[in-house]
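Remarks on the structure that follows.
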2 protein chains.
Amino acid sequence: MRTPTQHLIEKSVKVTAQRAAVLEFLQGNRDHPSPDEIYRKVHKRFPYISRATVYNTIKTLLKAGLLQEVLIQQDTTRVDPNVSQHHHFKCLRCGTVEDMPYALMTADHVRKSLKNYQVQEVRMVAEGLCRQCR
Amino acid sequence: MRTPTQHLIEKSVKVTAQRAAVLEFLQGNRDHPSPDEIYRKVHKRFPYISRATVYNTIKTLLKAGLLQEVLIQQDTTRVDPNVSQHHHFKCLRCGTVEDMPYALMTADHVRKSLKNYQVQEVRMVAEGLCRQCR
DNA sequence: CACGTTGATTAGACTAATTCTAATCTAAGA
DNA sequence: TCTTAGATTAGAATTAGTCTAATCAACGTG
């Protein structure tokens, strides 16, 4: 298994102790944490890190493809170390966010397949360049 | 064509001049504006409205089903007066948000159908209640 | 159709998330 | 080892959104 440092080198990202610490924390985490959660948890084990660096590091790792953003409105930013193609389910009561397999792609498909869940909303956004901007 | 006031009455929402002004502005708008944009535009024609009322009114209209939220991360809240089932396309260069027909539902389908666009990301989120919370 | 109650509106203070600043430090190529 | 571009830092600044408590107004009732 590759270490956080190896991942950084692979993606040509300059290696710093802070970046390795953030990445290491995230790779052992399935909770889709917010920047503040990351800061608090990493800071415990590694007091030499500031909040601004956590935000900067998240951006760097997103750009390098080592993290994925979770698209949840009305909440803070959340990130996912699982960068494979998949989607998310957010519980409106307890707020937890779970991964959903990519195969469950259409709204009706999601509703039918997640039988143990009570799906209320399925929202999709595409991003890219519009006709004018291509 | 129904007036903003008629829409409010239909949904059993108490009619106020502020609510009618916000709804009137939105119904003539396809730009998916942010709360601040709504405040500035409505305030020009109708100076007797405060920022807090714009936020309150948006919530009221969302709850009544007269508006829909657009799910775009790393940006402010945006709302859409088109409450029919559809999704959105955001241009990463100019930032505009366009409506996408509901029929284009799967990621692959979106990519193939939006030929004039350069689709980079298709993101989907389901919301509801998880097993524990049902 | 005036009255009263319930809910709406207001300005501005407050909070939370994120970004900026400018000084200092450090990774890593020469 | 030296150099320099880029990373890190604490804390200030900014921004989006919520809260507060006083005032106001819609609209059902009498």
Side-chain angles (χ1 to χ4, degrees), chain A residues 3-25 32-43 45-64 66-67 69-79 95 97, chain B residues 3-25 32-43 45-64 66-67 69-79 95 97:
Chain A
T3 63
T5 299
Q6 286 169 332
H7 276 113
L8 293 170
I9 291 169
E10 222 166 72
K11 299 285 186 179
S12 310
V13 174
K14 193 186 268 191
V15 177
T16 68
Q18 288 88 341
R19 287 173 177 178
V22 167
L23 193 50
E24 181 170 41
F25 166 70
H32 306 83
S34 66
D36 195 61
E37 279 161 21
I38 296 168
Y39 171 72
R40 282 183 280 109
K41 299 271 174 58
V42 171
H43 190 261
R45 300 184 163 257
F46 186 85
Y48 306 109
I49 191 165
S50 76
R51 216 170 281 269
T53 296
V54 170
Y55 279 96
N56 291 339
T57 299
I58 287 169
K59 279 190 187 161
T60 301
L61 299 178
L62 285 171
K63 207 181 288 178
L66 290 167
L67 287 185
E69 261 179 335
V70 182
L71 183 71
I72 301 282
Q73 201 167 45
Q74 221 75 344
D75 205 334
T76 64
T77 296
R78 281 157 177 265
V79 295
V97 176
Chain B
T3 63
T5 299
Q6 286 169 334
H7 276 113
L8 292 171
I9 291 168
E10 222 165 71
K11 299 285 184 180
S12 310
V13 174
K14 193 186 268 192
V15 177
T16 68
Q18 289 86 342
R19 287 173 177 179
V22 167
L23 193 51
E24 181 170 41
F25 166 69
H32 306 83
S34 66
D36 196 59
E37 279 161 20
I38 296 168
Y39 171 71
R40 283 183 281 110
K41 298 274 173 58
V42 171
H43 190 261
R45 302 184 161 256
F46 187 86
Y48 306 109
I49 192 166
S50 77
R51 217 169 281 268
T53 296
V54 170
Y55 279 98
N56 290 339
T57 299
I58 287 170
K59 278 191 186 160
T60 301
L61 298 178
L62 286 171
K63 205 181 290 177
L66 290 167
L67 288 184
E69 260 179 336
V70 182
L71 182 70
I72 301 283
Q73 200 168 44
Q74 221 73 343
D75 205 333
T76 64
T77 295
R78 282 157 177 264
V79 296
V97 177

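Sequence lines set the chain letters: A, B, ... in the order given, protein chains first and strands last, and positions in each chain run from 1. Everything numeric in this text was worked out from a predicted model, so none of it was measured.
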Practice prompt. Just do the side chain to side chain contact (heavy atoms under 4.5 Å, CB included) check on A:V54 and A:V42 with the steps written out, would you?
Written response: CA-CA 9 Å; A:V54 170; A:V42 171; 5.7 Å; no

[X] [atom1] to [N] [atom2]: how many Å, rounded?
X     : N      : atom1 : atom2 : value
B:E69 : D:dG17 : CD    : P     : 10 Å
B:I58 : C:dT9  : CD1   : P     : 12 Å
B:L8  : D:dC27 : CG    : C1'   : 14 Å
B:K59 : C:dT9  : NZ    : P     : 14 Å
B:L62 : D:dG17 : CG    : C1'   : 14 Å

Worksheet item: Can you name the side chain to side chain contact (heavy atoms under 4.5 Å, CB included) partners of A:Y55, sequence neighbours left out?
Response: A:P35, A:R51

Fill in: A:Y55 vs C:dT18: side-chain N/O to OP1/OP2 distance below 4.0 Å
yes

Over all heavy atoms of both residues, which pair between [X] and [Y] is shortest? Give the atoms and the distance, please.
X     : Y     : value
A:Y48 : A:Q18 : O-NE2, 3.5 Å
B:L62 : B:L67 : CD2-O, 3.5 Å
A:T5  : A:A20 : OG1-CB, 4.1 Å

Practice prompt. For the pair B:H43 and B:Y39, name the ring-plane relationship: parallel under 30°, tilted 30 to 60°, perpendicular over 60°.
Written response: tilted

Fill in: First of B:V13 and B:D36 reached from the 5' end of DNA chain D, by closest nucleotide
B:D36

Discussion item. When the axes are fitted on five pairs at both termini, how much does the helix from C:dC1-D:dG30 to C:dA30-D:dT1 curve, in 10° steps?
Written reply: 30°

Discussion item. Whether the side chain of B:R19 engages the backbone of B:K14 through a donor-acceptor N/O pair (distance < 3.5 Å, no angle test) should be reported.
Written reply: yes

Fill in: Sugar-phosphate or base contact per nucleotide [nucleotides 7-13 of chain D; S, B, -; heavy atom under 4.0 Å]
SSBB---

Fill in: Distance (rounded to the nearest 0.5 Å) between A:T57 OG1 and A:K59 NZ
11.0 Å

